[in-house]
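Following: one structure in structure tokens, then a few remarks.
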There are 2 protein chains.
Amino acid sequence: MVLSKACTYGILASLYVTREANRSKGYVSIGRMSKELNISFHFLTKILQQLTSAGILSSMKGPKGGVALKRNPQEISLVDIVVAIDGMGLFTDCLLGLPGCGEEKPCPVHDEWAGIRADLFHTFRGKSLAETAKRIDELNLRFALPSESEEGGKSIRDFRNLL
Amino acid sequence: MVLSKACTYGILASLYVTREANRSKGYVSIGRMSKELNISFHFLTKILQQLTSAGILSSMKGPKGGVALKRNPQEISLVDIVVAIDGMGLFTDCLLGLPGCGEEKPCPVHDEWAGIRADLFHTFRGKSLAETAKRIDELNLRFALPSESEEGGKSIRDFRNLL
DNA sequence: TTGATTTAAGACTCTTCTATCTTAAATAGA
DNA sequence: TCTATTTAAGATAGAAGAGTCTTAAATCAA
């Protein structure tokens, strides 16, 4: 898995908060969010705490409490979320896990992977929460996990796209 | 982590076997390989069993036994190793883990990720064991894990390369 | 002030991945 | 044939990730 589960949940939740912020002021309830995204409440709470301590979200306890974006959603990139939860490893580590792999002491696939991971970094660093949330609305995209009732049935693995 | 530990070990071992095959005929000892690559013998054995049952390696028990490439190393790509151990998920699954994500029912980052993962697939599908092993010799690259004595000290994370 | 609501924090469980250990099976060579 | 060697296979253990549960702390509203 490229991103941890916690990280993907963090991204989905951040997009949810961004969209809610466009509709109404105030904090977004974690309870409500967990229901709509079909993410375990307690697990989601932990993830949002990480985003809060990373300075991406702010939170408020009590009635009408919840979480809110701390900065302008145009200034928060998807990479910010990934780094806050999974760290920089995806964008810096050797594909083969060789410590110290780098320009001076490369592994057999260093150049290829370095190019792809840099592409990954720049692509998602260039996508802000605002822009991504906007596209969700415009194209009516899905961004919640399937509910129990929805079948879902693992992921569709379309090999044909690769050939 | 993009590749599982088992998968990276499998790649390193496959490259080791490829290079050994250039020097001498016969099977490559797993015991010797585990020592030179600094990979746990029993764990490595399990991984090589997966490659054997995937038809990538053949094995022989007893004295002078070990593993050998079953096919020409020019016809085995790095993707073959990855797929044998980690499966196709890396090249087919949604970055956000949404089941059913695809052209018809995309997630908010489907297009971007689909492009990068296809790039990843084609890049490493285009790299054969023979070609990669050759480059190791030519450029004197490293492809073993650091030994206990070598400090190693986690990986070097050079953020500057990204900015 | 009191009570209901909501996030914070820590302990705990469950699963998967990683790694180790033991025993069995096959093979080469004496 | 007998023995040492080497991979195969299964059981076990340890570590990390994923998810749950309980209690505490803060806040709003009555």
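Quick note: numbers below take in every heavy atom, side chains included, and nothing from hydrogens, waters or symmetry partners. Computed from a predicted model, the values in this text were never measured in an experiment.
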Worked verdict on A:L37 versus A:L145 for side-chain contact (heavy atoms from CB on, under 4.5 Å): CA-CA 6 Å; A:L37 296 179; A:L145 295 182; 6.0 Å; no

Chi angles and distances behind the side-chain contact (heavy atoms from CB on, under 4.5 Å) call for A:F124, B:L95: CA-CA 12 Å; A:F124 289 105; B:L95 184 67; 3.8 Å; yes

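Each of D:dA8, D:dA18, C:dA28 was ranked by its minimum atom distance to the side chain of B:K61; first place goes to D:dA8.
Side-chain contact between B:W113 and A:T123 is absent, with no heavy atoms from C-beta onward closer than 4.5 Å.
At C:dA19, one or more side-chain N or O atoms of B:Y9 fall inside 4.0 Å of OP1 or OP2 (strictly under the cut-off). A sub-4.0 Å separation between OP1 or OP2 of D:dT6 and a side-chain N or O of B:S29 is absent. For B:T45, no side-chain nitrogen or oxygen approaches OP1 or OP2 of D:dT7 to under 4.0 Å. Distances shown here put every side-chain N or O of A:S4 at or beyond 4.0 Å from the OP1 or OP2 atom of D:dG17.
Residue whose closest nucleotide on DNA chain D sits further toward the 5' end, between A:C7 and B:L48: B:L48. Comparing A:M1 and A:G62 along DNA chain D, the residue whose closest nucleotide (by nearest heavy atom) sits nearer the 5' end is A:M1. Comparing A:K64 and A:K46 by the nucleotide of DNA chain C whose heavy atom lies nearest to each, the residue mapping closer to the 5' end is A:K64.
Note that SG of A:C7 is 9.5 Å distant from CD of A:Q50, once rounded to the nearest 0.5 Å. If you take CZ on B:R117 and NE2 on B:H110, they are separated by 6.0 Å, rounding to the nearest 0.5 Å.
Taking atom CD1 of B:I85 as the reference point, atom P of C:dC17 lies 13 Å away to the nearest angstrom. Protein atom CZ of B:F41 is 12 Å distant from nucleotide atom C1' of C:dT20, rounded to whole Å. Here the C1' atom of nucleotide D:dG14 and the NE2 atom of B:H42 are 16 Å apart, to the nearest Å. Nucleotide D:dT5 holds its P atom 17 Å from the CZ atom of B:R32, rounded to whole Å. At whole-Å resolution of the value, CD1 in B:I30 and C1' in D:dA8 are 9 Å apart. Atom CZ in A:F43 sits roughly 17 Å away from atom C1' in C:dT7 (whole-Å rounding). Put simply, CD on A:Q50 is 13 Å from P on D:dG19, counting in whole angstrom units. Distance, B:Q49 CD to C:dA19 P: 16 Å, rounded to whole Å.
Here A:Y27 lies out of heavy-atom contact (under 4.0 Å) with every strand.
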